[in-house]
Number of protein chains: 2
Amino acid sequence: MADAIARRGLMFILSSPSGAGKTTVSRRLLAHDGAIRMSVSVTTRPMRPGEGDGRDYHFVSRERFDEMVAQDAFLEWATVFGNSYGTPRAQVREGLERGEDFLFDVDWQGTQQLYQQAEADVVRVFLLPPSIAELHHRLTARGTDSAEVIAGRMARAQSEISHWDGYDYVLVNDDIDACFAQVAQILAAERLKRARQTGLVPFVRELMKPVA
Amino acid sequence: MADAIARRGLMFILSSPSGAGKTTVSRRLLAHDGAIRMSVSVTTRPMRPGEGDGRDYHFVSRERFDEMVAQDAFLEWATVFGNSYGTPRAQVREGLERGEDFLFDVDWQGTQQLYQQAEADVVRVFLLPPSIAELHHRLTARGTDSAEVIAGRMARAQSEISHWDGYDYVLVNDDIDACFAQVAQILAAERLKRARQTGLVPFVRELMKPVA
């Protein structure tokens, strides 16, 4: 068995409207693929019971977060309901250099930020629901929400869907097992891209030696 | 089950030095994947017993072949031992439009010609042997060839290997089953590229309609 060829890791971005399976596919990918993980985000929100600093998040003050923004220390960051969340650039850069892959479960805005920062390392995958009727069904499945709440969810889902054309791969999630298998195939294939396999140059140099 | 999204076919190029598994992987891919096939080449060489015109090759006269070259009717062509072989452009173009994939088992020169003609449709995969010793072993396995013949084969193999960096994907064929699985994953992933799925625009248009 030849040693595995050393490679640079990749940033695997999974986006979808709510109700199209992103969370399920992400969880399965993290559970089944030992080489991919999520980066640990930096946040200004308070730690909750059971959470660990450096494990679930890096918990920092507002002042520290703003300082990191000013230092361009984030690959992407966003503020949601007054709390800020950011992906630390150094953590991802060092992981990629060690050949680790990172999964990003972000919306189209996070995707655009990551792509602008690290185009060559990014692989963008978008999941679509099989039909608008099925999406509506999935978003109403709990059955206890008002028509207005559901209409708001549908509007947000369609707004997210409208960005499908900013992705490298687009999948229709009609069957979660088939969809997960396709996502895993994309990840496997992307790892075989010549440009990511940093160990090919020394490997081929050996192949080109004269035979004794 | 949603209808499959219509897609444009792709041109899947598999190259390797002799002894690195290209022929075995090609045969398996054609046997196991119903959506990919080889184009039928045009040739000036005489038909052999058991061959069928239009099935194994399109057999044409030298005059007709040269006329087709002048008309730019070939995606790529080459002359080997006095006989010419060419890939007819119209056959591939029409197949791609119908969503059919084509397998090309060509060397680095054929790869460059195809890429220059149809960059967006082309996926280039290169197979490497696991080591120079193993390549030498595979090229001498018949055991009846002179040292000079084997040295010539090794030189040709190393010359082909020197073009590894003109490919999108590079695989080390250490185990034929694992290598075939990787090639199949690449093909599956490439079919999911947004840019090949011509049916996505109308599909998404439906998803964006207001819910009744």
Side-chain angles (χ1 to χ4, degrees), chain A residues 1-5 17 20 123-126 128-136 139 150-151 154-155 157-159 161-162 164-175 181-197 200-201 203-204 206-212, chain B residues 1-5 17 20 123-126 128-136 139 150-151 154-155 157-159 161-162 164-175 181-197 200-201 203-204 206-212:
Chain A
M1 178 76 190
D3 291 334
I5 305 288
V123 177
R124 298 164 297 177
V125 179
F126 198 83
L128 288 171
S131 69
I132 190 71
E134 176 62 20
L135 181 68
H136 189 259
L139 293 180
I150 291 165
M154 284 298 289
Q158 288 181 316
S159 167
I161 289 171
S162 73
W164 69 279
D165 58 348
Y167 289 76
D168 303 305
Y169 298 90
V170 177
L171 281 63
V172 177
N173 181 8
D174 196 17
D175 173 280
Q182 290 182 323
V183 169
Q185 280 170 330
I186 292 168
L187 178 57
E190 286 285 343
R191 286 171 172 159
L192 294 166
K193 284 258 176 88
R194 173 184 48 77
R196 301 196 200 289
Q197 298 188 76
L200 279 172
V201 168
F203 184 81
V204 173
E206 289 297 310
L207 290 179
M208 296 299 288
K209 285 185 176 168
V211 185
Chain B
M1 178 74 189
D3 292 334
I5 305 287
V123 178
R124 297 163 299 177
V125 179
F126 197 83
L128 288 172
S131 70
I132 190 70
E134 176 63 21
L135 181 68
H136 189 259
L139 292 180
I150 291 165
M154 284 298 290
Q158 288 181 317
S159 167
I161 289 170
S162 73
W164 69 279
D165 58 348
Y167 288 76
D168 303 306
Y169 298 90
V170 177
L171 281 61
V172 177
N173 182 7
D174 197 17
D175 173 280
Q182 290 181 324
V183 169
Q185 281 170 330
I186 292 168
L187 178 57
E190 286 285 343
R191 286 170 172 159
L192 294 166
K193 284 260 176 87
R194 174 183 49 76
R196 302 195 200 288
Q197 299 189 75
L200 280 171
V201 168
F203 183 82
V204 173
E206 289 296 311
L207 291 179
M208 296 299 287
K209 284 185 177 169
V211 186

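All values derive from a computational prediction rather than experimental measurement.
Counting heavy-atom pairs closer than 4.5 Å to chain A, the top residue among R196(B), E206(B), Q182(B) is Q182(B). The most heavy-atom pairs under 4.5 Å with chain A, out of M208(B), E134(B), R194(B), come from R194(B). Comparing D168(A), V201(A), L171(A) by heavy-atom pairs within less than 4.5 Å of chain B, the highest count is held by D168(A). Counting heavy-atom pairs under 4.5 Å between each of L187(B), I161(B), L207(B), I132(B) and chain A puts L207(B) at the top.
Looking at Q197(B), the atoms closer than 4.5 Å to chain A (heavy atoms on both sides) all sit in the side chain, from C-beta outward. Proximity to chain A is absent for every atom of V125(B), based on heavy atoms less than 4.5 angstrom apart. Contacts between V183(A) and chain B at a heavy-atom distance below 4.5 Å are absent for every atom of the residue. For M154(B), the part lying near chain A is the side chain, with the backbone staying farther off; criterion is any non-hydrogen pair under 4.5 Å. Heavy atoms of D165(A) lying under 4.5 Å from chain B belong to its backbone as well as its side chain.
Considering every non-hydrogen atom in both Q158(B) and K209(A), the closest pair reads NE2-O, 2.8 Å.
F126(B) CZ to L192(A) CG: the interatomic distance, rounded to the nearest 0.5 Å, is 15.0 Å. In this structure, CZ in R191(A) is found 10.0 Å from CD in Q185(B), a value given to the nearest 0.5 Å. Going from atom CD1 of I186(A) over to atom CD of E190(B) covers 10.0 Å, rounded to the nearest 0.5 Å. Annotation: the span from L200(B) atom CG to W164(A) atom CH2 amounts to 5.0 Å, rounded to 0.5 Å.
For the ring-ring contact (aromatic ring centres under 6.0 Å, His included) test, no residue two or more places apart in sequence or in another chain qualifies with Y169(A). With sequence neighbours left out, the side chain to side chain contact (heavy atoms under 4.5 Å, CB included) criterion links A157(A) to P17(A), L135(A), L139(A).
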